[in-house]
Amino acid sequence: MQVFTMKVLLTLIVVIAVVEAGPVPSDCMACICAVESNCNSNIGCNVDRGSYSCGPFQIKQPYYTDALTRSSNLGSGWVSCTTNKACAERTVQAYMTRYATYSRLRHTPTCEDFARIHNGGPNGYRYSSTIGYWNRVSACLR
């Protein structure tokens with residue numbers, strides 16, 4: 001019985017780790033962070049296109065609010081979470097779990113999809129205005 005309990009516990013830990021990891025691969029996540037702020041965890045919040053973007057991923061409040069619909073592990077608020085690198089990464093993963101899906105894109109999401117959605121919102125993968133952003137992320141990946 002103890003062996004069974006231990007196997008169940010280990011399985012749950014693995015499942016939780018996979019859920020927390022999210023769909024965005026680590027190399028893609030690192031390059032989005034690099035393009036946004038040179039992965040500067042001390043960047044704080046800056047005005048961008050008339051509203052604030054916060055943290056190393058430069059996340060706006062509506063992005064964070066959308067991510068909250070997919071995760072309850074995003075800290076106690078937009079600024080406090082997005083200015084903390086680990087919480088900001090969880091925010092990006094949760095956002096992508098909502099918007100970068102096979103059912104929306106009609107294909108398995110790629111780093112290009114993740115980057116363009118991060119930059120241009122839920123339909124950013126469709127906008128030509130996000131291609132330059134993707135080019136910068138792509139250059140980082142190389």
Next item on the list: List the atom of Ser128, the atom of Arg116, and the distance in Å for their closest heavy-atom pair.
Entry: N-NH2, 4.1 Å
Margin query: Ignoring hydrogens, what is the shortest heavy-atom contact between Ser37 and Pro56? Give both atom names and the distance.
Written below: OG-O, 2.8 Å
Checklist line | Shortest non-hydrogen contact from Ala100 toward Pro109 | finding: O-CG, 3.0 Å
Check: Which of these, Thr91, Ile117, Asp113, Thr101, sits in a side chain to side chain contact (heavy atoms under 4.5 Å, CB included) with Met96?
Finding: Ile117
Item checked: Candidate pair Tyr52 and Val47, rule side-chain contact (heavy atoms from CB on, under 4.5 Å), full reasoning -> CA-CA 4 Å; Tyr52 283 99; Val47 175; 3.6 Å; yes
Checklist line | Within-4.5 Å side-chain heavy-atom neighbours: Ile32 and Cys28 | finding: yes
Next item on the list: Quick one: closest heavy-atom pair of Gly77 and Ser80, and the distance?
Entry: O-OG, 3.2 Å
Margin query: Consider ring pair (Phe, Tyr, Trp, His ring centres under 6.0 Å). Of Tyr99, Tyr63, Tyr125, Tyr95, which one does His118 pass it with?
Written below: Tyr63
Note to self: How about Cys45 and Cys54 - are their SG atoms less than 2.5 Å from one another?
What the structure shows: yes
Next item on the list: Please identify each residue that fulfils side chain to side chain contact (heavy atoms under 4.5 Å, CB included) with Ser129, with sequence neighbours left out.
Entry: Tyr127
Item checked: Worked verdict on Asn135 versus Ser138 for side-chain hydrogen bond (donor to acceptor under 3.5 Å, both in side chains) -> CA-CA 5 Å; Asn135 290 337; Ser138 178; 5.8 Å; no
Check: Is any side-chain heavy atom of Ile43 less than 4.5 Å from a side-chain heavy atom of Gln58?
Finding: yes
Check: Rounded to the nearest 0.5 Å, how far does CD of Glu112 lie from OG1 of Thr130?
Finding: 7.5 Å
Next item on the list: Go through the structure and list residues passing side chain to side chain contact (heavy atoms under 4.5 Å, CB included) with Arg126, not counting sequence neighbours.
Entry: Asn123
Check: Is there side-chain contact between Met29 and Phe57, with at least one heavy-atom pair below 4.5 Å?
Finding: yes
Check: Is it true that a side-chain atom of Arg104 and a backbone atom of Pro122 form a donor plus acceptor pair closer than 3.5 Å?
Finding: yes
Note to self: Give me each pair satisfying salt bridge (charged side-chain N to carboxylate O under 4.0 Å, His left out) with a member in residues 51-70, each pair once, sequence neighbours excluded.
What the structure shows: Asp48-Lys60, Asp66-Arg98
Item checked: Inter-residue atom distance Gln93.CD - Asn73.CG, 0.5 Å rounding -> 12.0 Å
Note to self: Restricting to non-hydrogen atoms, name the atom on Tyr64 and the atom on Trp78 that form the minimum distance, rounded to 0.1 Å.
What the structure shows: CE2-N, 3.4 Å
Check: Does the pair Cys81 and Cys87 meet the rule for a disulfide (SG to SG under 2.5 Å), with working shown?
Finding: CA-CA 5 Å; Cys81 176; Cys87 194; 2.0 Å; yes
Next item on the list: Start with the C-alpha gap between Cys33 and Glu89, add the side-chain angles, then the distance that decides, and say whether side-chain contact (heavy atoms from CB on, under 4.5 Å) holds.
Entry: CA-CA 9 Å; Cys33 190; Glu89 285 179 356; 5.9 Å; no
Next item on the list: Locate the shortest heavy-atom distance separating Ala94 from Ala67; write the atom from each residue and the value.
Entry: CB-O, 3.5 Å
